[in-house]
Amino acid sequence: SPFQLAGNSWYVGPKGLASVLIDSGEGLILIDGGLPQSALPIVERVAQLGFEINQVRWILNSHAHFDHAGGIAALARLSGAEVLASERGAEALRAGAVPADDPQAGYAPDNQFPPVARVRAVADGVPLTLGKLQITPIYTTGHTPGSTSWQWQSCDPQQHCLTLFYADSLTAVSSPEYRYSDHLN
């Protein structure tokens with residue numbers, strides 16, 4: 001079941017795979033899409049909150065691994081939403097696979113996911129505005145080369161606001177043959 005995080009923000013992901021819904025006042029924002037099979041349960045949870053999936057205007061990605069990006073292609077088709085990610089995240093989403101310098105690249109084909117044809121790359125630290133809401137992408141490279149965290153103000157109808165932060169993992173799990181030293185500057 002979905003549950004409220006604070007104000008205009010709800011957890012709508014399947015158990016253990018976060019997906020967050022935010023009401024901007026002029027459309028919804030969805031962060032992450034879980035596994036490919038997570039798309040329909042996320043749609044159901046959005047409906048349980050009284051919203052329609054076609055109200056989702058933006059789908060944001062934390063990182064392009066199958067367990068966070070797997071459902072994005074289907075959710076984008078169902079909603080008509082624009083997909084946004086970091087520069088490196090956008091590249092991986094379009095490819096439907098992790099790049100060669102991703103520490104988990106050696107786990108393929110498990111790291112493949114349905115590709116997303118149209119993805120808008122967003123700049124690090126530059127706020128994005130939808131309706132009354134500003135959300136800021138913060139590049140947090142570590143888990144993947146394109147990892148991104150997201151920060152916004154979540155307010156209730158009485159204008160009690162909290163700063164929420166969707167933090168992407170800094171933990172870089174690697175495949176056995178991956179060498180971090182191959183990617184040092």
Side-chain angles (χ1 to χ4, degrees), residues 5-6 9-22 29-39 41-42 45 56 58-76 81-128 135-152 154 163-185:
L5 297 171
S9 304
W10 298 268
Y11 183 98
V12 293
K15 185 176 181 181
L17 290 175
S19 187
V20 171
L21 185 72
I22 308 164
I29 298 170
L30 183 66
I31 304 177
D32 280 348
L35 299 163
Q37 60 267 35
S38 302
I42 289 171
R45 289 179 177 98
V56 175
W58 289 347
I59 299 173
L60 314 178
N61 183 232
S62 62
H63 66 270
H65 280 164
F66 72 99
D67 56 342
H68 291 262
I72 289 179
L75 288 162
E82 182 178 25
V83 177
L84 290 75
S86 68
E87 292 279 349
R88 295 297 310 279
E91 293 170 16
L93 286 171
R94 289 181 200 114
V98 299
D101 62 342
D102 185 301
Q104 295 184 43
Y107 288 123
D110 290 331
N111 271 335
Q112 295 178 347
F113 46 86
V116 181
R118 294 188 345 259
V119 183
R120 176 166 52 122
V122 296
D124 182 28
V126 177
L128 306 164
I135 188 161
T136 304
I138 301 165
Y139 286 14
T140 45
T141 303
H143 190 65
T144 72
S147 289
T148 306
S149 297
W150 300 90
Q151 181 177 323
W152 70 99
S154 183
T163 298
L164 294 190
F165 192 74
Y166 187 96
D168 200 22
S169 176
L170 292 176
T171 305
V173 178
S174 67
S175 63
E177 60 279 344
Y178 184 84
R179 293 182 343 176
Y180 289 92
S181 59
D182 289 345
H183 303 286
L184 295 176
N185 291 335

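Source: prediction; values computed, not measured.
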Charged tip of Arg120 within 45° of Trp58 ring normal and under 6.0 Å: yes

Dump the intermediate steps for side-chain contact (heavy atoms from CB on, under 4.5 Å) on Val126 and Thr136, then the final yes or no. CA-CA 6 Å; Val126 177; Thr136 304; over 6 Å; no

What pair of heavy atoms forms the shortest contact from [X] to [Y], and how long is it?
| X | Y | value |
| --- | --- | --- |
| Arg94 | Ala121 | NH2-N, 4.5 Å |
| Gly33 | Ser38 | O-CB, 3.6 Å |
| Pro145 | Arg88 | CB-NH1, 3.4 Å |
| Thr148 | Gly146 | OG1-O, 3.0 Å |
| Pro36 | Pro114 | CG-CD, 3.9 Å |
| Gly70 | Phe113 | CA-CB, 3.9 Å |

Output yes when a side-chain donor or acceptor of [X] lies under 3.5 Å from a complementary backbone atom of [Y], and no otherwise.
| X | Y | result |
| --- | --- | --- |
| Asp67 | Leu35 | no |
| Thr144 | Gly142 | no |
| Ser169 | His143 | no |

Within-4.5 Å side-chain heavy-atom neighbours: [X] and [Y]:
| X | Y | answer |
| --- | --- | --- |
| Leu30 | Leu60 | no |
| Tyr166 | Ser62 | yes |
| His65 | Asp102 | yes |
| Val98 | Gln104 | no |

For Asp168 and Trp150, what are the C-alpha separation, side-chain angles and deciding distance, and is it a side-chain contact (heavy atoms from CB on, under 4.5 Å)? CA-CA 8 Å; Asp168 200 22; Trp150 300 90; over 6 Å; no

Is there a donor in the side chain of Thr140 and an acceptor in the side chain of Ser149, or the other way round, less than 3.5 Å apart? yes

I'd like to know if the side chain of Asp32 pairs up with that of Ser19 as donor and acceptor (distance under 3.5 Å, no hydrogens or angles considered). no

When rounded to the nearest 0.5 angstrom, what is the spacing between [atom1] in [X] and [atom2] in [Y]?
| X | Y | atom1 | atom2 | value |
| --- | --- | --- | --- | --- |
| Ile138 | Ser147 | CD1 | OG | 13.0 Å |
| Glu82 | Leu84 | CD | CG | 5.0 Å |
| Leu17 | Tyr11 | CG | OH | 6.5 Å |

Mutual orientation of the aromatic rings belonging to His68 and His63 [parallel < 30°, tilted 30-60°, perpendicular > 60°]: tilted

Mind running side-chain contact (heavy atoms from CB on, under 4.5 Å) on Ile29 and Val56 for me, showing each step along the way? CA-CA 6 Å; Ile29 298 170; Val56 175; over 6 Å; no

The test is side-chain contact (heavy atoms from CB on, under 4.5 Å); show your working for Phe165 and Trp152 and say whether it passes. CA-CA 7 Å; Phe165 192 74; Trp152 70 99; over 6 Å; no

